[in-house]
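So you know, we letter chains A, B, ... as the sequences are listed, proteins then strands, and number each from 1.
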Amino acid sequence: MPRPAFQLYNTMTRAVGPIVPLDPAGKRVTLYVCGPTIYDYAHIGNFRTYVAGDLLRRALKHFDYQVDHVMQFTDVDDKTIRGSREKNLPLREYTAIYREAFLKDAKELNIQVAERTPNATEHIPAMIALIQKLVDKKAAYVSDDGSVYFRINAFPKYGCLCHLDLANLMTGARVSQDEYEKEGVGDFVLWKKWVAADGDVGWDSPWGKGRPGWHIECSALSMEHLGSQIDIHGGGTDLRFPHHENEIAQSEAATGLPFVRHWFHVEHLLVDGQKMSKSLRNMYTVRDVLQRGYSGRELRYALLSGANYAKNLNFTWQGMDDARTALARIDEWHKRIKAAATGATAADESAASLNLFQSIDEAIAQDLNINDLLGTLFTWIRTSNKALDEGTLTPPQALAYLQAWDRLDAILGLGEVAVAIPPEVQTLIDERAAARQAKNFAKSDELRKAIEALGWKVKDTAKGQELSKS
RNA sequence: GGCGGGGUAGCCAAGUGGUAAGGCACGGCUCUGCAAAAGCCGAAUACGUGGGUUCGAUUCCCGCCCUCGCCUCCA
C-alpha cells in the first residue's frame with residue numbers, strides 16, 4: 001500500500017496541500033523558521049512555535065525527506081541594544097547569554113536544533129548586498145535621515161500573503177505619526193542609520209554607519225543558506241504581517257523569483273484563556289515551568305497535544321497535570337510492552353497488519369494531526385494492555401507494537417529519558433528489598449519514606465520495587 | 001471598516017453527508033502486607049443558534065449570537 005503524501009496547510013493559499021520540494025529529486029526540503037530575538041529568556045509561547053516547527057521537521061523526516069533547516073537568532077535590534085547597555089555588557093556577550101539559554105531550553109523540550117542557527121550579526125555583508133540590490137533596482141531608497149527604506153509601491157503583490165488590501169487598512173491604527181521621512185507609511189526600514197543610543201553597535205555600509213532592519217535579516221539569511229527560493233518558511237502567526245509580507249517583498253523584488261513555496265504559521269499560546277503579558281503575570285519561561293516541578297517532556301506533551309498547531313492553545317496548570325498523567329500511562333505501557341517483547345527476534349507480521357504504521361502515516365500526513373496520532377496511540381495501548389492482562393500477546397506481537405512506538409516517537413519526541421539512580425537511593429532500595437524479603441514491613445515503610453524524602457517514589461510490583469522520580 | 005480562526009460531555013481535543021476518536025477528571029472491579037501506581041470495565045441524553053438543501057447535517061449553504069486574533073514592536 002503506498003504511503004500517503006504529506007500535506008500541510010499553506011497560509012498563502014489558505015488550503016491544505018502536498019509539499020512539493022524544489023529539489024528535482026524530490027528528496028531535499030529546505031525549511032526556514034524565524035528564530036527568537038535573544039534579549040531575554042524565551043517564554044513558553046515562543047516555544048510553542050518551536051515545538052511545532054520541530055514536529056514539522058520530524059514529520060518531514062518521517063516521510064523520508066532530507067531536511068535542511070535554518071533558524072536565525074536575531075542578535076541586534078532595539079531590545080538587545082537596550083538590554084546590553086543596561087547590563088553594561090558588549091552586545092555580543094549579552095546576546096550570547098540568551099542564545100545559550102534558548103538552546104538549553106530547547107534541549108529540555110527535546111527540540112531538534114536546526115542544521116544551522118546563524119546569528120544575524122554574522123551575516124551583515126549579505127544583508128548589505130541585498131539592500132544594495134534593492135537600491136539599484138529602485139525598490140529601496142535612502143531617506144533624508146540616512147536610513148534605507150523599502151518602497152512597497154515597487155512591489156505590486158504587496159499584501160499577498162495576508163490578503164491585505166492596502167487601501168483598506170484601518171486608518172491611523174498603529175502607524176507612527178512621526179515617520180515623515182518615509183515616502184509611504186507602509187515602507188519599512190532595511191538599514192537603520194546609527195544614532196547615539198546605539199552606542200558602539202554599528203557597521204559601515206554604503207549608506208554610512210548603521211545596522212540592519214529586522215526583516216532583511218531573514219531574507220538575507222534564508223537566501224544565503226538555502227538559496228533564492230525555499231520550500232517551507234515558518235514562524236509564529238504574528239510574523240505573517242508585517243514580517244513575512246516584507247520578506248516576500250524584499251526577496252522577490254531582489255531576485256524576481258518566488259521566495260517561498262509553503263508558508264507555515266503557528267497560532268499563539270494563551271495562558272488561562274488570556275494573552276500572555278507581563279502585567280497579567282502569566283508569562284512563563286521554560287525555567288518557570290521546570291521550577292514548578294514539571295519536566296520538559298511534560299511541557300512538550302502539553303504544547304503538542306493541547307491543540308493543533310494552527311489553533312490557539314490554552315496553557316493551564318491543569319493541562320500540565322493532565323499531560324503528566326497521560327505521559328505516565330504511556331511510560332507504564334512502554335515498560336510493559338518492552339518486557340513482553342523480550343526474546344522476540346522478529347515482529348509478528350499479523351500484528352503489524354493491525355495497520356500500526358499506516359495509521360501513523362495517515363494522521364501525520366494530514367496537516368500534522370497530532371491528536372489523531374495520540375488517539376491511535378492510546379487505542380494501541382488499551383488493546384495491547386488488555387492482551388497482556390489476558391496473557392494472549394506473544395513476544396513477536398509485542399515487538400510489533402514496540403517498533404510502531406519507536407517510529408511514532410521519532411515524530412512525537414516524547415521517549416522517556418533514563419534517569420540515573422543516585423547511590424544513596426540505591427542503598428536504601430537494597431535495604432528495603434532485604435526488609436521485604438524478611439517481611440519486615442515496618443522497616444519497609446520507613447525506608448519508603450526515606451526514599452521519598454530524597455525525591456524518589458517507590459512502588460511495589462510483582463517483579464519487585466520500581467523507582468521513579470517524584 | 002477589511003481579513004481570518006474558534007464555539008463538540010465537567011475540562012482539553014480529533015473527526016465525519018449515515019447519529020461522534022482519544023486524553024484528563026468521575027464510578028465499579030482486579031491486583032496489593034499497607035500504600036501508591038497500574039490495568040480492565042463503565043457512565044455520560046457532547047456537536048452555539050435559526051432556517052435551507054438532502055432519504056439523512058455535527059459535517060454543505062444562508063442568516064444570527066458568542067469568542068479569539070491580525071490590520072506596520074511581537075513566536
Please classify the nucleic acid contact of [X] as base, sugar-phosphate, or nothing, using heavy-atom distances under 4.0 Å.
X       : answer
N312(A) : sugar-phosphate
R448(A) : base
G306(A) : sugar-phosphate
G45(A)  : base
M320(A) : nothing
H43(A)  : base
R336(A) : sugar-phosphate
L269(A) : base

[options]: which one has an atom nearest the side-chain heavy atoms of [X]?
X       : options                   : answer
Y50(A)  : rA75(B), rA37(B), rC70(B) : rA75(B)
N308(A) : rA14(B), rA75(B), rG39(B) : rA14(B)
E332(A) : rA38(B), rA75(B), rC34(B) : rA38(B)
L164(A) : rG2(B), rA14(B), rA75(B)  : rG2(B)
A307(A) : rA13(B), rC73(B), rG33(B) : rA13(B)

Counterpart residues, ring-ring contact (aromatic ring centres under 6.0 Å, His included), relative to [X] (two or more places apart):
X       : answer
Y294(A) : W317(A)
F188(A) : F150(A), H215(A)
H62(A)  : none
F441(A) : none

Could you tell me the Watson-Crick or G-U partner of [N], where both distances fall under 3.5 Å? Say none if there is no partner.
N       : result
rU49(B) : rG63(B)
rG18(B) : rC55(B)
rC40(B) : rG28(B)
rG1(B)  : rC71(B)

Subject >> Earlier contact from the 5' end, RNA chain B, for V266(A) and I330(A) >> reply: I330(A)
Interatomic distance at [atom1], [N] relative to [M], whole Å:
N       : M       : atom1 : result
rU58(B) : rG50(B) : P     : 11 Å
rU16(B) : rA35(B) : C1'   : 46 Å
rA75(B) : rG69(B) : C1'   : 14 Å
rG6(B)  : rG42(B) : C1'   : 32 Å
rC24(B) : rA46(B) : C1'   : 16 Å
rU67(B) : rC29(B) : C1'   : 43 Å

Within the sub-3.5 Å range, which N or O atoms of nucleotides 28-31 of chain B have a protein N or O partner, and how far apart are they?
none

Original post:
Do you see a donor-acceptor pair shorter than 3.5 Å between the side chains of R336(A) and N385(A)?
Top reply: yes
Original post:
Between R292(A) and E298(A), is there a side-chain N and carboxylate O pair less than 4.0 Å apart?
Top reply: no
Subject >> Pair D54(A) + R300(A): basic N to acidic O under 4.0 Å >> reply: yes
Original post:
For Q437(A), does the CD atom sit with more than 12 other heavy atoms under 6.0 Å from it, leaving out its own atoms?
Top reply: no
Please name all residues satisfying side chain to side chain donor-acceptor pair (under 3.5 Å) with [X], sequence neighbours left out, ordered by chain then number.
X       : answer
K157(A) : E252(A)
E332(A) : K459(A)
S147(A) : none

May I ask you to verify if any side-chain N or O of [X] is less than 4.0 angstrom from the OP1 or OP2 atom of [N]?
X       : N       : answer
K449(A) : rA35(B) : no
K275(A) : rC70(B) : yes
K335(A) : rA38(B) : no

**OP:** Sorted by first residue and then second, give each salt bridge (charged side-chain N to carboxylate O under 4.0 Å, His left out) pair with at least one member in residues 94-111 of chain A; sequence neighbours left out.
**Re:** D105(A)-R287(A)
Original post:
With sequence neighbours left out, which residue pairs that include part of residues 235-245 of chain A fulfil the salt bridge (charged side-chain N to carboxylate O under 4.0 Å, His left out) condition?
Top reply: none
Original post:
Does N369(A) make a side-chain donor-acceptor contact with the base of rG15(B), cut-off 3.5 Å?
Top reply: no
**OP:** Assign a letter to each nucleotide of nucleotides 19-25 of chain B from its 5' end: B, base within under 4.0 Å of a protein heavy atom; S, sugar-phosphate only; -, no contact.
**Re:** --BSBSS
Subject >> Ring center gap for F47(A) and F102(A) short of 6.0 angstrom >> reply: yes
**OP:** Using the aromatic ring of H268(A) (for Trp, its six-membered ring), decide whether it stacks on the base of rG69(B) within the limits of 5.5 Å and 30°.
**Re:** no
Original post:
Hey, can you pull the residues of residues 151-160 of chain A with a non-hydrogen atom under 4.0 angstrom from RNA chain B?
Top reply: none
